[in-house]
A.B. asks: 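Structure incoming, see below.
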Amino acid sequence: METGSQENTALTGRSATGPQGGHEPEWTGLPPGLLRMRRLLLVVWLGLLSAGLAVLLGLLVGPAWAAFAVLPLAVGAWGWVMLERNWRSWRYAERADDLLISRGVLWREETVVPYGRMQLVEVTSGPVERHFGLASVQLHTAAAASDATIPGLDPAEAERLRDRLTALGEARSAGL
């Protein structure tokens with residue numbers, strides 16, 4: 001889903017054109033598979049924590065205290081909503097000379113990676129990501145602090161982005 005689309009404009013209140021009519025970059029959001037994966041991990045881990053806490057409290061303190069095992073489930077309800085807010089905040093845009101990565105709900109962070117400064121573009125996918133059909137693109141630059149990652153992409157999009165960024169990086173660095 002692209003940030004400039006009608007659907008996302010209604011959800012986020014942002015559009016592809018700025019308030020003064022200037023043109024902003026074409027933002028691309030992350031696929032919903034990343035949100036599903038993170039929510040499943042939240043439910044699994046907090047479910048296991050609640051079950052373990054209930055058994056432990058029930059055996060050591062008494063059955064009435066086992067009711068406190070629902071507290072992690074309340075944290076899970078809050079986390080369910082926060083995961084969606086975080087997922088909606090991630091987006092990236094390919095411009096003529098650089099790649100923009102924007103993320104964050106409370107503290108907004110925007111990373112600008114010039115194509116000519118890229119040294120390595122990696123596509124990674126762990127076992128859980130592979131199960132959900134996701135991959136991450138990691139950009140390495142000369143400055144260690146400026147490495148950037150775009151998580152949860154479709155593998156085909158991650159490979160396309162890697163190939164495009166590598167080609168643009170080679171073209172830009174050749175002109176230095």
Side-chain angles (χ1 to χ4, degrees), residues 1-3 5 7-14 27-93 99-113 118-162 165:
M1 173 170 57
E2 293 183 358
T3 303
S5 67
E7 178 182 322
N8 203 33
T9 300
L11 293 173
T12 62
R14 296 185 210 120
W27 290 100
T28 304
L30 300 181
L34 179 65
L35 179 61
R36 280 194 298 275
M37 178 189 77
R38 288 180 175 176
R39 282 182 167 171
L40 179 66
L41 290 173
L42 175 77
V43 168
V44 166
W45 285 110
L46 287 180
L48 290 173
L49 178 66
S50 292
L53 190 60
V55 168
L56 192 64
L57 288 174
L59 292 175
L60 295 178
V61 184
W65 286 92
F68 281 103
V70 299
L71 290 177
L73 298 179
V75 170
W78 176 78
W80 187 272
V81 174
M82 292 299 109
L83 282 174
E84 183 170 357
R85 290 187 64 194
N86 179 269
W87 170 75
R88 286 189 186 282
S89 75
W90 275 88
R91 60 190 187 150
Y92 66 95
L99 177 74
L100 301 176
I101 302 171
S102 179
R103 64 192 168 280
V105 178
L106 291 177
W107 287 274
R108 197 104 183 108
E109 186 175 332
E110 191 166 300
T111 305
V112 179
V113 184
M118 288 185 210
Q119 292 184 332
L120 175 67
V121 181
E122 285 183 306
V123 175
T124 59
S125 186
V128 177
E129 285 179 310
R130 278 194 308 272
H131 178 74
F132 282 91
L134 301 172
S136 297
V137 174
Q138 185 167 7
L139 310 163
H140 298 277
T141 63
S146 66
D147 290 350
T149 302
I150 304 173
L153 296 174
D154 294 320
E157 170 65 8
E159 290 175 11
R160 182 203 67 82
L161 192 59
R162 178 200 58 208
L165 295 176

A.B. asks: Quick one: does I101's side chain get under 4.5 Å of L139's, heavy atoms only?
C.D. replies: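 With C-beta onward as the side chain, the pair touches.
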A.B. asks: Out of curiosity, R103 CZ to S89 OG, how far, rounded to the nearest 0.5 Å?
C.D. replies: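 The distance works out to 9.0 Å.
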A.B. asks: Within the 4.5 Å heavy-atom criterion, are R85 and M82 side-chain neighbours or not?
C.D. replies: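 Side chain of R85 against side chain of M82, heavy atoms only: contact under 4.5 Å found.
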A.B. asks: Sequence neighbours left out, cut at 3.5 Å: what donor-acceptor pairs do the side chains of residues 150-158 make with other protein atoms?
C.D. replies:
from : atom 1 : to   : atom 2 : distance (Å)
E157 : OE1    : R160 : NE     : 3.0
E157 : OE2    : Y92  : OH     : 2.6
E157 : OE2    : R160 : NH2    : 2.9

A.B. asks: How long is the span from the CG atom in N86 to the CG atom in L106, to the nearest 0.5 Å?
C.D. replies: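 Output value for this atom pair is 10.5 Å.
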A.B. asks: Considering non-hydrogen atoms only, spot the tightest contact between W87 and P32 and give its length.
C.D. replies: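 Taking every non-hydrogen atom into account, CZ2-CA, 3.6 Å.
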A.B. asks: Are L46 and L49 packed together at the side-chain level, in the sense that at least one heavy-atom pair is separated by less than 4.5 angstrom?
C.D. replies: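 When only atoms from C-beta onward are counted, L49 and L46 do touch, with a gap below 4.5 Å.
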A.B. asks: Rounded to the nearest 0.5 Å, what's the gap from CZ on R36 to CG on L134? Could you check?
C.D. replies: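 Going from the CZ atom of R36 to the CG atom of L134 covers 8.5 Å.
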A.B. asks: Between V113 and A148, what is the shortest heavy-atom contact and its length?
C.D. replies: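 Of all heavy-atom pairs spanning V113 and A148, the closest is CG2-CB, 4.1 Å.
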A.B. asks: Are the side chain of R39 and the backbone of W80 linked by a donor-acceptor contact shorter than 3.5 Å?
C.D. replies: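 The answer is yes, because a donor-acceptor pair under 3.5 Å joins these two groups.
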A.B. asks: For residues R91 and L100, determine if any side-chain heavy atom of one lies less than 4.5 Å from a side-chain heavy atom of the other.
C.D. replies: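 A side-chain contact under 4.5 Å is absent here.
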A.B. asks: Suppose the criterion is ring pair (Phe, Tyr, Trp, His ring centres under 6.0 Å): which pairs have a residue in residues 119-138, not counting sequence neighbours?
C.D. replies: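 Qualifying pairs, neighbours excluded: none.
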A.B. asks: If you look at every heavy atom in E129 and A135, which pair is closest and at what distance?
C.D. replies: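 Closest heavy-atom pair between E129 and A135: OE2-C, 4.4 Å.
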A.B. asks: Enumerate donor-acceptor pairs with a distance under 3.5 Å from any side-chain N or O in residues 55-79 to protein atoms, sequence neighbours excluded.
C.D. replies:
none

A.B. asks: Mind checking the NE2-CD spacing from H140 to Q119? Nearest 0.5 Å is all I need.
C.D. replies: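 CD of Q119 is found 9.5 Å from NE2 of H140.
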A.B. asks: Looking at every non-hydrogen atom in both residues, tell me the closest pair between L83 and R38 and how far apart they are.
C.D. replies: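 Here L83 and R38 meet closest at CD1-O, 3.6 Å.
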